[in-house]
2 protein chains.
Amino acid sequence: MKKKDMISASILAAAETLFQKWGIRKTTMEDIAQEAGKAKSSLYYYFKDKEAVLEAVATAQAERIIRIVREEVEKKKTAREKLLTYVYTSFRETRRAITLYEIARGEMRATPGVLRKVIDKYHALEEEAVEEILRFGKKRKEFRIIGRHDISDTSQAIVTIMRSLIISLFIESDDKKTIDQIIALLSEGL
Amino acid sequence: MKKKDMISASILAAAETLFQKWGIRKTTMEDIAQEAGKAKSSLYYYFKDKEAVLEAVATAQAERIIRIVREEVEKKKTAREKLLTYVYTSFRETRRAITLYEIARGEMRATPGVLRKVIDKYHALEEEAVEEILRFGKKRKEFRIIGRHDISDTSQAIVTIMRSLIISLFIESDDKKTIDQIIALLSEGL
DNA sequence: TTTCGACCAATATTGTATTTTGGTCGAAAT
DNA sequence: ATTTCGACCAAAATACAATATTGGTCGAAA
């Protein structure tokens, strides 16, 4: 049981490397096998098909992002700082994870199905993380409005904004000043 | 001088109809000419090339959206209502103007250049409109923060959010509740 | 339990013939 | 002088067939 996991992991590592380098579509099972030092047919002993490999890589990346973001957020004292850090770190790490980035925009149309599941789960985790920050801000009485509005709806709105921004700011330039301004708007209101 | 403008307009009308129906790329100059009841080569008497036709159509649509949005916004009394109306109307009309919508996402990569100009100008007009609302809200003392922050930066941030939302909400479902929540966030803060 | 070569159907790629398209020009019509 | 259009061309898009890759299976070997 231990050995199988090790090799699975090495295959995933190989796949992730190649996905980053050439993109999902241009990476073949043969490529992955070669990078992992295996025969192509051996991969099918560890993963059902290419989609399964993709799902595993995407899941691992999503979990990695969530973990890093939570670590960074935890270091900050105020809810406002936490929210700011959350957005920045999430941006940076999402961009770094090209696979997810590709998924988030164009290439997803070419590879739907399984990835929808991964992304939905990822967004759910994101909402949880934001909710935590909001609850923290409420406890500290840093945020005024949250008593009146549902905390879950609010974090959903914030994640929606973020998701949209990530998609479009990937295309355009990532204007740091604009992001700061948006955070200020969110936390202080007009 | 009058007749030339009339025919120009009829060509643009034909072009717009076909752009909506078949998309920019699938609409040929021959199609437009036929729809306008002219010979293809006649179009070149009125417009330099296909790009010029496209630019004129896009500009007209942008101006139309701005006009409608301003009309709707003017009817509202409070700055908050104005802002809400602005977002809703802008969403609705942008979606209705499929040409601009196509431009806003995928197809723009296939038709850059001239359209970049039109869109930039359109965004500038949008920012102006939002700025007006913000100034109005400041005068009524409806918005607190605006003294401290630059009003131009703030409206730029709002337009950025809106633009992102439009792009991504076009793809996903346009959850009205989410938009309401976002507006609440913007106007009240956390 | 794990690996892999041989093999296959389906997909993707490539090279080429053919058509379509954007755009020009000069002659005719108004 | 203004406006229209058919004939024409080079470049781009399309269609199609030949070819090569790719994802995936299977049974035999390690």
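So you know, we letter chains A, B, ... as the sequences are listed, proteins then strands, and number each from 1.
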Across every strand shown, the nucleotide meeting Watson-Crick or G-U wobble geometry with C:dT18 (both distances under 3.5 Å) is D:dA13
Verify whether one side chain among B:Asp5 and B:Ser8 offers a donor that lies under 3.5 Å from an acceptor in the other. no
Rounded to whole Å, the CD-P distance (A:Gln34 to D:dT21) equals 13 Å
Rounded to whole Å, NZ of B:Lys26 lies from P of C:dT20 at a distance of 13 Å
Between CE of A:Met29 and P of C:dC7 the distance, given in whole Å, is 21 Å
Side-chain N or O of A:Ser41 versus OP1/OP2 of C:dG5: is the shortest distance under 4.0 Å?
no
d(A:Ile11 CD1, A:Phe47 CZ) to nearest 0.5 Å is 5.5 Å
Rounded to whole Å, CD1 of B:Ile7 lies from C1' of D:dT4 at a distance of 10 Å
Separation of D:dA13 atom P from B:Ile24 atom CD1, nearest Å, is 15 Å
Rounded to whole Å, the CD-P distance (A:Glu51 to C:dT11) equals 14 Å
Query - N or O in side chain of A:Lys50 less than 4.0 angstrom from C:dT11 OP1/OP2 - result: no
Looking at A:Lys4, does any N or O in its side chain come under 4.0 Å of the phosphate oxygens OP1/OP2 on C:dT1? no
Re D:dA30: Watson-Crick or G-U wobble partner, both distances kept under 3.5 Å, found to be C:dT1
Are the side chains of A:Arg70 and A:Tyr86 in touch, meaning some heavy atoms are under 4.5 Å apart? no
Atom CE of B:Met6 and atom P of D:dT3 are separated, to the nearest Å, by 13 Å
From the candidates D:dC5, D:dT14, C:dG23, the one with an atom nearest any side-chain atom of B:Tyr44 is C:dG23
What is the nucleic acid contact for A:Tyr46, judged by heavy atoms within less than 4.0 Å: base, sugar-phosphate only, or nothing? sugar-phosphate
**Prompt:** Would you say C:dT3 has OP1 or OP2 under 4.0 Å from some side-chain N or O of A:Tyr45?
**Reply:** no
All heavy atoms of A:Glu127 vs all of A:Gln156, minimum pair found to be OE2-CG, 3.5 Å
TODO: Indicate yes or no for a side-chain donor-acceptor contact from A:Ser155 to the backbone of A:Ser152 under 3.5 Å, with no hydrogens or angles considered.
DONE: yes
From CG of B:Asp31 across to P of C:dG22 the rounded distance in Å is 8 Å
- Task: Could you check whether B:Thr28 gets within reach of a base, just the sugar-phosphate, or nothing at all, counting any heavy atom under 4.0 Å?
- Result: sugar-phosphate
- prompt: Within the structure shown, what part of the strands sits under 4.0 Å from A:Lys40 by heavy-atom distance: base, sugar-phosphate, or nothing?
  reply: base
